[in-house]
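Taking it in order: structure first as C-alpha cells, then the write-up.
Here the structure is a predicted model, which means the values were calculated and not measured. Start at 1 and go down the list; that is how both ligands and their atoms are numbered.
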Amino acid sequence: MSIKFDNNTKAFHLTAKNTSYIIKITDEGYLSHVYFGRKLRTFNSDNLLPIRERCSFSPNPNPNNKLLTLDALPQEYPSYGTSDFRGPAYSIQLENGTTITDLRYESHKIINGKVELEGLPATYVESDDEAQTLEINLSDSLIGLKVILSYTAYENFDVITRNTKFLNCGKEDLKLQRALSMSIDFNNSNYDFLHLHGAWARERHMERTPLLIGTQSIESRRGSSSHNQNPFIALLSKDATEEHGDVYGFSLVYSGSFLAQAEVDQFETTRISMGINPFDFSWLLKPKESFQTPEVVMVYSSQGLGEMSRTYHRLYRKRLCRGVYRDKTRPILVNNWEATYFDFNAEKIESIGKAAKELGIELFVLDDGWFGKRNGDESSLGDWVVDKNKLPNGLEDLANRINNLDLQFGLWFEPEMVSPDSDLYRAHPDWCLHVPGRYRTQGRNQLVLDLSREDVCDYIIDSLSKILNSVNISYIKWDMNRNMTEIASALLPPERQRETAHRYMLGLYKIYEKLTTAFPNILFEGCSGGGGRFDAGILYYMPQIWTSDDTDAVERLKIQYGTSIVYPISTMGAHVSAVPNHQVHRNTSLKMRGDVAMLGNFGYELDLTNFNDEEIETVKKQVETYKELRELIQFGDMYRLLNPFESNEASFIVVSEDKIEAFVSFFRVLCIPNDPIRRLYLRGLDPEKNYSVEGFQGIFGGDELMYGGLTIPDLQGDYQSITWRIKSV
Ligand code: DGJ
C-alpha cells in the first residue's frame with residue numbers, strides 16, 4: 001500500500017493490495033480521474049488520459065487551452081454549469097440564487113492510517129500501518145467554498161474508500177442541494193450493471209443488465225436504505241463470472257435515502273456516482289459550518305464477483321463491524337415471534353425456553369408484544385414499560401427464569417417509532433415527523449419519531465438504558481417497521497426542513513453509538529421488517545441483521561445468495577421456522593430448513609414445544625452440528641458455487657482461512673426426473689492438500705474436488721439439500 005504524488009506529472013498513485021487508483025491535477029487545477037483497476041507499476045498519463053478536441057457543443061472553459069472541455073474530462077468530483085453536462089457530484093445554491101461553482105486543486109496531504117468520520121459510520125484501521133489516506137483540498141476562492149476529498153487505500157484489502165467534506169470558509173450562506181460521496185469516470189461503457197433489489201420478504205435479488213447509453217440509477221426515497229434497493233452497485237466486464245473478469249463494487253456506508261447511478265455519455269464513458277439521495281435534500285452551510293458525506297467503499301476484483309464479495313466480507317467483518325462480537329461466534333437463538341406472535345404469557349415463554357435448553361439452544365429472544373398494551377400492532381410503541389397482564393412479575397423475573405434455565409435472555413425493541421395510541425404520543429404529539437396541519441400518514445399503525453431532535457434521542461437512550469440497567473439482557477433485536485412520510489421536524493426552521501431525513505440518520509447513529517458503548521457486552525441485531533435496512537451503516541454498530549421476514553427455505557436461498565454479494569455470512573440472521581411456512585405457505589423438510597439457516601447466524605423461530613420425537617432428534621443434531629461448524633461458517637471464506645437465480649439449484653462452500661476445513665451445502669428446489677449425473681466443482685480449497693469428505697470413502701485431492709468435481713448423489717423429491725464437511729488429512 002502506498003499513496004505517491006509525482007510533482008512533475010501532478011499525479012497521485014494510490015495502491016491497495018492489487019489495485020491502482022490514479023488521479024491527476026490538470027494545468028487548470030481540475031482534478032481528473034485517470035485509472036482504477038488492476039495494480040500498475042508505473043503509468044504514462046498522456047496515454048491513460050488522452051485529451052482530444054471536441055466540437056463546439058462541448059464548451060471550453062479555458063481560452064488558452066482549446067482542447068479542454070469538462071464535458072469530456074474524466075473527473076473526480078465534477079460540478080455542473082462550467083461545461084460538463086453530465087450529472088454533477090454536488091450542487092450549491094448561493095445567496096444570489098445562482099448555482100455556479102468552480103472547484104480547483106489547492107493543496108493535499110498524505111497521512112498514515114484513516115480518519116474517523118464525524119457522526120457517521122465508516123470502515124476503520126486498528127493501526128496506522130494498515131492504510132494510508134490522501135486528502136485533497138479543492139476550493140472555489142470566489143465564494144470561500146472548500147471541499148476535501150478523502151481517499152484511503154488499504155494495505156491488505158483491494159479497497160479504496162472515499163468521502164467528501166464541505167466547508168464554508170466564506171462570508172455568505174451556501175445551500176447544498178446535492179452532496180454525493182463520490183464520483184468516478186470510467187473511460188468506456190462496455191460493462192454490465194449489477195444491483196440488489198426486492199421488496200418486503202423478497203430482499204436483495206440480483207439483477208445484472210448491460211449498461212445502456214443514458215442513466216441507470218437505483219435509489220431509496222424512503223428515509224432508510226430499504227427492502228427495495230440496496231446501497232450497492234457494481235460494474236462487471238462483459239465476460240465477468242463468479243471467478244473471472246473485472247468487477248468494480250461500490251457500497252455506501254449509510255442507512256438512509258441514497259442514490260447510486262451510472263451515466264453513459266455521448267463519448268461512451270461511464271460516470272458512477274453515489275451518496276445521500278439529493279431528492280428532497282438540502283443542507284444550509286452557514287459561514288464556518290461543514291458537512292460530512294458518508295463513505296463509499298470501492299472494491300476492485302480481477303477475479304470476478306466471488307473475489308469482490310470475499311473482499312467486502314473480510315473488510316466488513318474485520319474493519320467495519322466493531323465490539324466484542326466482531327470476532328466472537330454468535331449464540332444459537334430461539335425467537336418467539338412466529339411461535340406466538342403477540343399471544344404469550346410468562347409460562348408459555350418459559351416452556352419454549354425449557355424446550356430450547358434441552359435442544360442445546362443458547363439464547364431466548366422475546367419479540368414484540370411485551371410492553372404497554374400491545375396485543376396487536378395498533379398500540380404502545382414508545383411506552384417501554386412491561387405489560388403486567390402478560391408478564392405479571394415483570395421483565396426481570398422473566399429474564400431470571402430464562403437465565404435459570406442456563407439460557408441468555410434477549411429482547412425486541414422498536415425504539416424509533418411511536419403509536420398514536422400510546423402515552424408517549426399523548427404527551428408529545430410533536431415528537432414525530434409531521435407537517436403542521438397535514439394528516440400524519442401511518443404505516444403499520446405507527447408514526448416515526450423525529451430523531452433529528454435531541455430531546456427525542458435522549459428519551460430513547462434513557463428509556464432503553466433504564467431497562468438494560470435493570471434486566472439481565474444479552475441481546476437486543478432493534479426493529480424498524482415503516483418508512484418515512486411527511487418528512488419534517490417541529491424544531492427546524494423553514495430553510496432547514498429538507499435536512500430532516502439526514503439529521504434523523506445522524507440522530508440514529510448517535511443513539512446507536514451511545515447504547516453500544518454503554519452496553520458493550522450486548523449483542524445487537526438490526527432489523528427493519530426483516531431486511532429493510534441491511535446496509536454497511538448498520539453493521540458499524542450492530543454486527544448482525546435479520547436478513548428477511550421470509551423464513552421459507554426456498555425463498556431464503558435467493559435472499560441469502562443475493563445478500564452475500566456484499567455482506568458476510570456473520571451478518572445474516574437465519575432461522576428455521578414452522579411449515580407450512582407463514583409467508584409463502586410452502587412445506588419444506590426440517591433438514592432443508594436447517595441446512596439453509598446454517599448459512600447464517602443460526603436460530604429457530606417456531607414453537608419448540610410442538611416437536612415430535614423425530615423432530616427433536618433432528619433439531620438436536622442440527623444444533624450440535626452448527627456448534628461444531630459455526631466458527632468456520634461465521635468467519636470462513638465463502639464461495640458461491642451454484643446460483644439459484646439461474647437454476648433450480650444453489651450451492652455454497654465455506655473454507656477456513658488456513659484451508660484445513662470446509663463446509664459445502666447443495667440445494668435442489670424441484671426434483672429432476674431421471675436426472676443426469678452431475679458434479680459440483682468446489683472452490684477455495686488448497687489444490688496441494690488432501691481432504692476427506694463426509695459421506696464419501698477415501699481421500700480426495702483439493703485439485704480433484706475443484707477441477708474434477710464431487711459427484712452429486714441421486715436425489716428424490718422436491719426441496720432437497722445435502723451438506724458435506726471436508727477436512728484436510
Ligand atoms: C418485524 C420483524 O422483522 C419480525 O421479525 C418481528 O420482530 C416483527 N416485526 C414484530 O413486530
Side-chain angles (χ1 to χ4, degrees), residues 198-204 222 224-228 230 255 333-344 348-349 352 363-384 386-387 390 409-422 442-449 464 473 475-483 523-535 538 542 544-553 555-556 559-560 563 571-578 581-584 593 597 600-607:
W200 172 79
R202 187 168 34 81
E203 298 90 338
R204 289 170 298 287
R222 292 172 176 268
S224 77
S225 50
S226 87
H227 298 87
N228 315 83
N230 197 258
S255 315
L333 65 82
V334 59
N335 177 305
N336 72 308
W337 178 241
E338 289 197 21
T340 64
Y341 294 102
F342 295 101
D343 184 16
F344 60 82
K348 179 69 199 168
I349 295 303
I352 299 178
L363 162 69
F364 178 89
V365 180
L366 180 60
D367 211 279
D368 195 354
W370 58 266
F371 53 93
K373 298 186 190 72
R374 191 140 164 108
N375 296 316
D377 60 19
E378 298 84 13
S379 80
S380 303
L381 292 172
D383 299 344
W384 301 109
V386 73
D387 177 356
K390 286 182 190 161
F409 180 68
L411 197 57
W412 178 98
F413 285 97
E414 193 177 357
E416 298 161 61
M417 299 289 151
V418 62
S419 308
D421 181 8
S422 67
Q442 296 181 22
R444 209 196 189 202
N445 307 304
Q446 61 201 50
L447 299 166
V448 183
L449 284 172
L464 263 68
I473 289 174
Y475 162 106
I476 286 182
K477 178 173 171 187
W478 186 294
D479 207 349
M480 196 282 279
N481 281 303
R482 61 157 292 180
N483 292 134
L523 171 59
F524 285 79
E525 176 155 342
C527 176
S528 172
R533 214 165 47 182
F534 203 121
D535 58 65
I538 299 291
M542 307 192 172
Q544 60 189 62
I545 301 174
W546 180 225
T547 315
S548 176
D549 273 350
D550 196 333
T551 51
D552 171 63
E555 290 301 310
R556 273 292 182 126
I559 294 170
Q560 293 175 197
T563 304
T571 63
M572 292 187 224
H575 303 168
V576 174
S577 64
N581 173 268
H582 293 196
Q583 293 78 40
V584 299
R593 282 176 275 151
N601 293 315
F602 189 61
Y604 291 83
E605 183 140 351
L606 72 175
D607 192 345

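No side-chain N or O of Thr547 forms a donor-acceptor pair with one of Glu203 less than 3.5 Å apart. At a cut-off of 3.5 Å, with distance as the only test, a side-chain donor of Thr563 or Arg204 sits close to an acceptor on the other residue. Side-chain contact check for Asn481 and Glu414: at least one donor-acceptor pair (N or O, by modelled atom type) lies under 3.5 Å. Defined by atom type and a distance below 3.5 Å, a donor-acceptor pair is missing between the side-chain atoms of Glu416 and Gln446.
Open room surrounds NZ on Lys373; 12 or fewer heavy atoms of other groups in view lie less than 6.0 Å from it.
Residues satisfying the side-chain contact (heavy atoms from CB on, under 4.5 Å) test with Asp367, not counting sequence neighbours, are Asn335, Asn336, Trp337, Trp412, Lys477.
Sorted by chain and number, the residues within 4.0 Å of ligand 1 by heavy atom are Trp337, Asp367, Asp368, Trp412, Arg444, Lys477, Asp479, Asn481, Cys527, Gly529, Gly530, Trp546, Asp549.
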